[in-house]
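Just below is one structure, and these are the notes that go with it.
Nothing fancy with the numbering, it's 1 onward along the sequence. These figures come from a predicted structure and were not determined experimentally.
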Amino acid sequence: MLASAFRAVARPAVSAARSSLRPATAARAFSVTARAQSGGPPPPQLYGTGAKPGTVPTDVEQATGLERLQLLGEMEGVSVFDDQPLDASRLGTKADPIKVLSYDTERLVGCTGFPVDSHDVLWFTLKKDKLGRCTECGSVYTLDFQGDEHADHHHGHH
């Protein structure tokens with residue numbers, strides 16, 4: 001139940017928060033988008049109920065936005081954000097780049113080199129229809145875009 005609600009709410013919630021939320025550091029590359037769907041169950045409420053007077057609020061009562069979405073997902077056993085390591089079994093090339101799944105037209109990617117952990121994490125933004133290359137090891141990445149072609153028209157990407 002909650003999984004389908006996440007798909008319905010995650011993209012609009014992320015798009016709204018995306019411009020103000022830029023991670024300074026993270027453990028791995030991750031995606032902050034989910035496929036938007038029409039119909040189905042209503043999206044989860046992204047504002048907590050707050051604490052009862054005279055009490056200290058719990059995380060569930062006070063969490064809002066993406067933090068609440070992630071917390072509700074954890075409670076249901078659903079991973080809201082893709083935090084799995086990228087394919088590091090080979091060096092990506094222009095002819096055979098490493099594909100990075102995304103439901104958005106861009107995604108923050110962290111490369112640790114080939115072989116794995118051969119250099120510090122180098123972060124860069126991978127964009128749809130454009131190859132990305134790690135400036136440290138030269139590995140090439142491409143966005144495997146699975147999102148709605150017209151959902152990001154307000155971002156002004158060309």
Side-chain angles (χ1 to χ4, degrees), residues 2-38 43-44 46-48 59 62-158:
L2 191 56
S4 58
F6 282 136
R7 287 189 293 272
V9 74
R11 184 166 188 84
V14 169
S15 293
R18 186 170 182 224
S19 60
S20 63
L21 294 178
R22 293 284 182 198
T25 60
R28 295 281 185 178
F30 60 92
S31 173
V32 291
T33 59
R35 190 179 306 248
Q37 294 181 341
S38 59
L46 294 182
Y47 294 97
D59 286 346
Q62 73 177 352
T64 62
L66 293 176
E67 180 183 4
R68 183 169 177 81
L69 185 66
Q70 185 174 14
L71 184 62
L72 292 172
E74 288 171 359
M75 291 169 58
E76 293 282 331
V78 175
S79 179
V80 177
F81 298 112
D82 174 13
D83 58 0
Q84 297 301 308
L86 299 173
D87 177 11
S89 64
R90 63 185 180 84
L91 187 69
T93 64
K94 286 172 85 174
D96 188 17
I98 294 174
K99 291 183 179 181
V100 180
L101 175 68
S102 181
Y103 293 108
D104 200 353
T105 56
E106 62 182 41
R107 180 172 168 181
L108 184 63
V109 174
C111 180
T112 62
F114 180 78
V116 176
D117 294 330
S118 60
H119 64 71
D120 289 337
V121 178
L122 182 72
W123 295 99
F124 58 95
T125 301
L126 188 58
K127 296 185 178 190
K128 180 178 168 258
D129 298 328
K130 185 175 180 192
L131 293 176
R133 182 184 297 269
C134 175
T135 56
E136 184 73 24
C137 67
S139 190
V140 179
Y141 298 88
T142 187
L143 207 61
D144 181 12
F145 179 66
Q146 299 293 317
D148 179 357
E149 286 290 330
H150 305 290
D152 257 0
H153 67 276
H154 63 277
H155 281 234
H157 295 295
H158 301 287

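Under the side-chain contact (heavy atoms from CB on, under 4.5 Å) criterion, K130 pairs with no residue at all, not counting sequence neighbours. Residues that satisfy the ring pair (Phe, Tyr, Trp, His ring centres under 6.0 Å) test with F114, not counting sequence neighbours, are absent from this structure. Partners of D144 according to the salt bridge (Lys or Arg N to Asp or Glu O under 4.0 Å) rule, which considers only residues two or more places apart in sequence or in another chain, do not exist here.
Across every non-hydrogen atom of A95 and P97, the tightest pair is C-CD, 3.7 Å. Across every non-hydrogen atom of D96 and T93, the tightest pair is N-OG1, 2.9 Å. The shortest heavy-atom contact between L126 and L131 is CD1-C, 4.3 Å. The two atoms that bring G113 and C137 nearest to each other are CA-SG, 3.8 Å, heavy atoms only. Across all non-hydrogen atoms, the minimal contact from G92 to S139 is N-OG, 3.0 Å. Closest approach of C134 and L122 over heavy atoms only: SG-CD2, 3.5 Å.
Formation of a donor-acceptor pair under 3.5 Å by the R133 side chain with backbone atoms of V140 is not found in this model. Checked by atom type and distance alone, the side chain of S102 never pairs as donor or acceptor with a backbone atom of F145 at under 3.5 Å.
From L71, atom CG reaches atom CD of E76 across 11.0 Å, with rounding to the nearest 0.5 Å. From T135, atom OG1 reaches atom NE2 of H119 across 8.0 Å, with rounding to the nearest 0.5 Å. Rounding to the nearest 0.5 angstrom, the gap separating the CZ atom in R107 from the CG atom in L86 is 6.0 Å. Distance OG1/T142 to NZ/K128: 10.5 Å, rounded to 0.5 Å.
Counting only heavy atoms from C-beta outward, the side chains of I98 and R90 approach each other to under 4.5 Å.
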